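Basis for what follows: all heavy atoms, side chains included, without hydrogens, waters or symmetry-related copies. Please read these numbers as outputs of a predicted model, since none were measured by experiment. In what follows, chains carry the letters A, B, and so on, assigned in the order in which the sequence lines appear, proteins first and then strands, with residues in each chain numbered from 1.
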Amino acid sequence: MKANRVPKPAPVRGMQDFLGDQANRFDHVVATFRDVARRFGFRPVMVPVVEATSVYQRTLGETTDVVAKEMYTFPDRGGDSLTLRPEFTAGICRAYVSEGWQQFAPLKLITHGPLFRYERPQKGRYRQFHQIDAEVIGAPEPAADVELIAFADLLLKELGISGVTLQLNTLGDAETRDAWRGALVTYFERHRDALSEDSLRRLETNPLRILDSKEAADRALLADAPVIDAYMSAQAGAFFEAVQAGVQASGVAFVRQPQLVRGFDYYRHTAFEFVSDALGAQATVIGGGRYDGLVEQMGGPSTPAVGWAGGIERLMMLSAQPVAPRVDIALVAMGPAAEAAAPALLAELRIAGFAAEQAWRGNMKKRMERAGKSGARYALILGEDEIAGGTVMVKNMQDGSQAAVPRAAIVRRLKEAL
RNA sequence: GCGACCGUAGCUCAAUAGGUUAGAGCGCCGGUUUGUGGUACCGGAGGUUGCGGGUUCGAGACCCGUCGGUCGCCCCA
């Protein structure tokens, strides 16, 4: 009889709970990321989930959607305006300046965690989502860009993800970008009447974005739109050449995508995205680029930097199913004497490095059932007979065979078997 | 913010064109087996059909509203 019905609680819109396979996949993406990062010599950095609103407002660009309508911004009890981080880079640069990390430059950093954007959720897009993130701060060399791209590429391979293509472009240096942008505006102004409604708005807010419009009307105009190469300064051109050569030499396949632009205002030079067509309307799995002016804009010294971020949920959707966490041993202890002896046996097994679990309740059948479901390789049966004889029954869960092993020899014997 | 589709046990779904007591599989609990899992058989618990209103003799099905979900637009990881 349910007296008072409490409505079933739901997670906040666009936020998810993970258990089982989902949680395993999440964990697997992060663990693989850490492992690959280690091979590239990247080190962890931790930064807050919340920053002063100004950290994002100024740097991402006032007119970008993230700043204009997607930030979780709220006043704290002291009246300061805070924002849940919508991306990693700005916060890391803030920390770099706050903590005087220039003394450690060049820094190769990784981090991961939740990000928040107030958007309408859909496939591969959530209000709380998670990213892995890699940044190189304090390196003007194209080799830094190359290494980051190789890092991302190897990560995808290690995750068993295929069918992803690397699109590479340059936005040039500040002069190049400005000149190109000006040419684009002039060009699209001339074709105002042919532009889609959305692109007319983009023309005012972020003209570069017209380049990746999905509207057929817009796409028809793109063929003759000015290409950045025509406005490229010598240095910017040379830089991009070096990046492309390095990526190629790393054995990473890519396609030049001259219409690739990125969402935030701080990007300069290299811009890239690893894209997939298996994510519904979302294409980008990992995206990044160079942001040479950002640290300085934060009030720090002039500092070149590059980085990328990858969506963990998106990587989870693309990765082959990871193996479930391995359980070596399930202990089935029956009777008061056995249950009293269980902790010591478990402690010994765990200290020896085994993944050992114990069923806490039920009759023998139930406990064996649990042992079977846990996927344990061996079940250790400890009952009155074993206690009396100073042994443990070791059962191979694959073939069902079992044998009594002296209690004192148990760890050694399991080490031989596993 | 806009659009389309969808809300039935814990989960995945069913319920002829409105018609008795809303079913099944999986999972869970118990039994066949008072010390042996993965197979099998038997039994059991578990539902205000998202919520509110309306139409009807009668609504899980139809209508309106609302909340939630999914997918798409915008934008992005």
> Going by heavy atoms in the side chains, are A/Phe151 and A/Phe33 under 4.5 Å from each other?
Replying inline: yes
>> Contact between A/Gln259 and A/Gln167 at the side-chain level, heavy atoms closer than 4.5 Å - yes or no?
In response: no
> Which residue, A/Ala10 or A/Glu313, contacts RNA chain B at a nucleotide closer to its 5' end, judged by nearest heavy atom?
Replying inline: A/Ala10
> Starting at the 5' end of RNA chain B and moving along, which residue's nearest nucleotide shows up first, A/Glu369 or A/Glu87?
Replying inline: A/Glu369
> Hey, are A/Asp173 and A/Thr176 close enough side-chain-wise for a donor-acceptor pair under 3.5 Å?
Replying inline: yes
>> Measure CZ/A/Arg85 against C1'/B/rA77 and give the value in whole Å, please.
In response: 13 Å
> Between A/Arg127 (CZ) and B/rG68 (P), how many Å, whole number?
Replying inline: 9 Å
> Among B/rC29, B/rC28, B/rA77, which nucleotide sits nearest the side chain of A/Lys373?
Replying inline: B/rC28
> Which of these, A/Val45, A/Asp133, A/Leu109, A/Ile110, sits in a side chain to side chain contact (heavy atoms under 4.5 Å, CB included) with A/Phe88?
Replying inline: A/Asp133
Please tabulate, for side-chain N and O atoms in residues 373-394 of chain A, each donor-acceptor pair with protein atoms closer than 3.5 Å (sequence neighbours left out).
unit_1   : atom_1 : unit_2   : atom_2 : d
A/Ser374 : OG     : A/Ala371 : O      : 2.8
A/Ser374 : OG     : A/Ala376 : N      : 3.2
A/Glu386 : OE1    : A/Gly383 : N      : 2.9

> For the side chain to side chain contact (heavy atoms under 4.5 Å, CB included) test, which of A/Val247, A/Thr170, A/Val243 pairs with A/Asp145?
Replying inline: A/Val243
> Taking the side chain of A/Met364 as its heavy atoms from C-beta onward, which of B/rG37, B/rA77, B/rG35 lies nearest to it?
Replying inline: B/rG35
> Hey, can you pull the residues of residues 380-392 of chain A with a non-hydrogen atom under 4.0 angstrom from RNA chain B?
Replying inline: A/Ile381, A/Gly383, A/Glu384, A/Asp385, A/Glu386
Side-chain donor-acceptor contacts of residues 329-346 of chain A below 3.5 Å, not counting sequence neighbours, with atom names and distances?
unit_1   : atom_1 : unit_2   : atom_2 : d
A/Glu339 : OE2    : A/Arg367 : NH1    : 3.0
A/Glu339 : OE2    : A/Arg367 : NH2    : 3.1

>> Please determine whether the number of non-hydrogen atoms from other residues, nucleotides or ligands lying under 6.0 Å from atom CZ of A/Arg370 exceeds 12.
In response: no
> Using the P atom in both, what is the distance from B/rG60 to B/rU49, to the nearest Å?
Replying inline: 7 Å
>> Using atom C1' in both nucleotides, what's the gap between B/rG27 and B/rC73 to the nearest angstrom?
In response: 39 Å
>> What's A/Gly335 touching, base or sugar-phosphate or nothing? Going by heavy atoms closer than 4.0 Å.
In response: nothing
> Between A/Tyr291 and A/Gly307, what is the shortest heavy-atom contact and its length?
Replying inline: CE2-N, 3.6 Å
>> I need the OH-C1' distance between A/Tyr378 and B/rU36, as an integer number of Å.
In response: 17 Å
> What distance, rounded to whole Å, do you find between the two C1' atoms, one in B/rG44 and one in B/rU48?
Replying inline: 23 Å
>> Just to be sure I understand the rule, does A/Lys123 reach a base, reach only the sugar-phosphate, or reach nothing, if contact means heavy atoms closer than 4.0 Å?
In response: sugar-phosphate
>> Any base atoms under 4.0 Å from A/Met334, or only sugar-phosphate, or nothing? Heavy atoms, all strands.
In response: nothing
> Which part of the nucleic acid, if any, lies within contact of A/Arg120, taking any heavy atom under 4.0 Å across all strands shown: a base, the sugar-phosphate backbone alone, or nothing?
Replying inline: base
> For the pair made of CG in A/Asp277 and P in B/rA77, what is the distance, rounded to whole Å?
Replying inline: 19 Å
> Side-chain N or O of A/Gln122 less than 4.0 angstrom from OP1 or OP2 on B/rG72?
Replying inline: yes
> Can you give the dot-bracket line for RNA chain B, where a pair is Watson-Crick or G-U wobble with both atom distances under 3.5 Å, crossing pairs use [ ], and | marks a partner on another strand?
Replying inline: (((((((..((((.....[...)))).(((((.......))))).....(((((..]....))))))))))))....
>> So if I take every side-chain heavy atom of A/Arg209 and compare against B/rC75, B/rC29, B/rG31, which nucleotide ends up nearest?
In response: B/rC75
Return a table of donor-acceptor pairs under 3.5 angstrom between the side chains of residues 405-418 of chain A and protein atoms on other chains or two or more places apart.
unit_1   : atom_1 : unit_2   : atom_2 : d
A/Arg407 : NH1    : A/Glu348 : OE1    : 3.3
A/Arg407 : NH2    : A/Glu348 : OE1    : 3.2

> Considering only the C1' atoms, how many Å lie between B/rU20 and B/rG25, rounded to the nearest integer?
Replying inline: 26 Å
> Between B/rC76 atom P and A/Tyr267 atom OH, what is the distance in whole Å?
Replying inline: 10 Å
> Which nucleotide sits closest to the side chain of A/Lys365: B/rG37, B/rC29, B/rU70?
Replying inline: B/rG37
> Under 4.0 angstrom, heavy atoms only, what part of the nucleic acid is A/Lys395 near: base, sugar-phosphate, or nothing?
Replying inline: base
> What pairs with A/His112 under ring pair (Phe, Tyr, Trp, His ring centres under 6.0 Å), at least two apart in sequence or on another chain?
Replying inline: none
>> Using whole Å, what does the distance between atom P of nucleotide B/rC76 and atom CG of A/Asp133 come to?
In response: 17 Å
> Contact class for A/Gln402 (heavy atom, under 4.0 Å): base, sugar-phosphate, or nothing?
Replying inline: base
> Atom CE of A/Met368 to atom P of B/rG35: distance rounded to whole Å?
Replying inline: 13 Å
> What is the distance from CZ of A/Arg13 to C1' of B/rU66, rounded to the nearest Å?
Replying inline: 13 Å
